[in-house]
Protein chains: 2
Amino acid sequence: MSFPSHYAIPPTATGKRRDGDRTRAKALQVAAAQISAIGFNKMTIARVAADAGVSQSGLLHHFPSKAALLAAVLDEREREDSEFLFGDGSPPLGWDAFESLVALSARNQTRPEWVELFVRTSAEATVPGHPAHDWVTRHYQSLRKLAHRRCRARNGTGRDPAGRAGAVHGRVDRRLLDGMQQQWGLEPREISMVDNVREHVRLLRMTWS
Amino acid sequence: MSFPSHYAIPPTATGKRRDGDRTRAKALQVAAAQISAIGFNKMTIARVAADAGVSQSGLLHHFPSKAALLAAVLDEREREDSEFLFGDGSPPLGWDAFESLVALSARNQTRPEWVELFVRTSAEATVPGHPAHDWVTRHYQSLRKLAHRRCRARNGTGRDPAGRAGAVHGRVDRRLLDGMQQQWGLEPREISMVDNVREHVRLLRMTWS
DNA sequence: GTCTATACCTCGATAGAC
DNA sequence: GTCTATCGAGGTATAGAC
């Protein structure tokens, strides 16, 4: 005995992924690798399709345009980062926040591809009209807000980071990270991002405490 | 009475520039502006030619290829920078060298176009095969050598910058500059590069002296 | 959901006249 | 030195069959 076809359990309800989902996931992975390696501008959907084992039209069925593919990649990575930073509670404050920079660097050092992707996209998206322009602008804005909240908060382990030059340092920290990540891509083997950030935080501690 | 034509004074000897030189200079200027605004990859020689008031073929007469145009722009700027850094004597050492970072930032703050051009080109040229890949690699190598020489030198105004973490700081400084310049392009009005570098140097001084 | 075929565009570079 | 005309490669996106 069989069910009428319109009663058939759809593939989505079986817990097993549909073919389309697998193609989509593979395409996202390949696109991220390409953007990471050569940037969005130089990436071609033809190459992404080929590496994903699908035709160009097959790829464009899941992502209606090249820009849509980029947006999907960025949104996926942003969700992962948010879970890491805030997933286990409220954002860290005071000196703990500065230490979280070290943790973030350590995490990023295990994800060189994502670092490269972000650096390249940030650089490209500076020009208005770039598909990722709005995304990058929003990303930096939220980081800046977070830094401001951190610097205004106090804790018991040292003087207030917001004291003399806290406002400046919220920005300096991020710029240090950005510059380091950018150069990390050019000479990956010579640099330990974690060591450099740790040294920077140590300097700040010595100055204020 | 007139001279035979082969005795005529050639235009180059009159002290007045030839037409070709003017076209070439204009093209270099326009190309720099384009690379600064949208990067080398997105720049088109058609647009450069149009803005320079010449046809595409006219432009390609002076620069045989798009890559050659980029090389000419980079070489011109590098010559200017070398004159600023070393033109009036030997490179600064010890703490003076760190202070020279402030001077360099101040100079760059008056040349946003060149900063943008360099940031964009550095980012693009990370991918092997890019026309500026070798140029950027060489540029960073010479900067690194300079930083090492600085950090090894001593002077009387403070403890040796090379002491505990000098090797790290030679690199941190440049990364701070890079990251700052990159972000300066995204939000130019919110940041004073000079203030940030000055604050960074002040921190270093407080730590060591 | 995936394919083939193709329309349509932009761009770098060349050929050759003036 | 500068022009017009054009080639040819490489790219995004669409049409329509299966």
Side-chain angles (χ1 to χ4, degrees), chain A residues 5 8-14 16-31 34-35 37-73 124 127 129-132, chain B residues 5 8 10-14 16-31 34-35 37-73 121 124-125 127 129-133:
Chain A
S5 65
I9 300 170
T12 37
T14 63
K16 191 168 168 255
R17 277 188 164 169
R18 290 169 303 177
D19 278 11
D21 283 350
R22 251 188 279 120
T23 298
R24 193 191 143 91
K26 180 69 176 171
L28 281 175
Q29 171 199 330
V30 170
Q34 285 290 298
I35 299 172
I38 61 178
F40 172 77
N41 285 337
K42 288 297 237 183
M43 175 187 88
T44 67
I45 54 179
R47 176 68 188 277
V48 172
D51 288 5
V54 75
S55 76
Q56 189 166 333
S57 298
L59 173 64
L60 287 174
H61 169 75
H62 296 279
F63 309 95
S65 71
K66 192 189 174 190
L69 178 54
L70 172 64
V73 169
E124 286 181 358
V127 18
H130 189 284
Chain B
S5 65
T12 37
T14 63
K16 192 169 168 249
R17 276 189 163 169
R18 289 170 303 176
D19 278 11
D21 283 351
R22 253 189 277 119
T23 298
R24 194 190 143 91
K26 180 69 177 171
L28 282 175
Q29 171 198 330
V30 170
Q34 284 289 298
I35 299 172
I38 61 178
F40 172 76
N41 285 338
K42 289 295 242 183
M43 175 187 89
T44 67
I45 53 178
R47 176 69 189 276
V48 173
D51 287 5
V54 75
S55 76
Q56 188 166 332
S57 297
L59 173 64
L60 287 175
H61 169 75
H62 296 278
F63 308 95
S65 71
K66 191 190 176 191
L69 178 55
L70 171 64
V73 169
T121 305
E124 285 181 359
V127 19
H130 189 283
H133 184 76

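Every chain is numbered from 1, with letters handed out A, B, ... down the list of sequences.
Between the CD1 atom of I38(B) and the CE atom of M43(B) there is a distance of 8.0 Å, given to the nearest 0.5 Å. Here the straight-line distance linking atom CD1 of I45(A) with atom CG of L60(A) works out to 4.5 Å at 0.5 Å rounding. One finds the CG atom of L59(A) at 11.0 Å from the CG atom of D51(A) (value rounded to the nearest 0.5 Å). Here the NZ atom belonging to K42(B) is positioned 8.5 Å from the CD atom belonging to E124(A), to the nearest 0.5 angstrom. In this structure, CG in N41(A) is found 9.5 Å from CG in L70(A), a value given to the nearest 0.5 Å.
Atoms CZ (F63(A)) and P (dA13(D)) sit 14 Å apart, rounded to a whole Å. Between L60(A) atom CG and dT6(C) atom C1' there is a gap of 14 Å when expressed in whole angstrom units. Straight-line distance from the CG atom of L69(B) to the C1' atom of dG12(C): 12 Å, rounded to whole Å. To the nearest angstrom, C1' of dG1(D) lies 12 Å from CG of D21(B). When the C1' atom of dT10(C) is taken as reference, atom CG of N41(A) falls 14 Å away, rounded to whole Å. For the pair F40(B) CZ and dC11(C) C1', the computed distance is 12 Å after rounding to whole Å. Nucleotide dT2(C) holds its P atom 14 Å from the NZ atom of K26(A), rounded to whole Å. Straight-line distance from the CD atom of Q34(B) to the C1' atom of dG12(C): 16 Å, rounded to whole Å.
Sorted by residue number, the members of residues 44-52 of chain B with any non-hydrogen atom under 4.0 Å from DNA chain C read T44(B), I45(B).
With contacts defined as side-chain heavy-atom distances shorter than 4.5 Å, the pair H62(A)/L28(A) does not qualify.
For V54(A), counting side-chain heavy atoms from C-beta on, the closest listed nucleotide (dT2(D), dA13(D), dT2(C)) is dT2(C). Side chain of S55(A), nearest nucleotide from dT2(D), dA13(D), dT4(C): dT4(C). Comparing dT12(D), dT2(D), dC3(C) by their closest approach to the side chain of K66(A) singles out dT12(D). The Q56(A) side chain lies nearest to dA13(D) when the options are dG12(C), dA13(D), dT2(C).
Residue T23(B) places no side-chain N or O under 4.0 Å from the OP1 or OP2 atom of dG1(D). Taking side-chain N and O atoms only, H61(B) has no distance below 4.0 Å to OP1 or OP2 of dC3(D).
Contact annotation: side chain of S57(B) to base of dA15(C), donor-acceptor pair present below 3.5 Å.
Put simply, the side chain of Q34(A) never gets that close to the backbone of R47(A): no donor and acceptor are under 3.5 Å apart.
DNA chain D is contacted by both P64(A) and K42(A); K42(A) maps to the nucleotide lying nearer its 5′ end (nearest heavy atom per residue).
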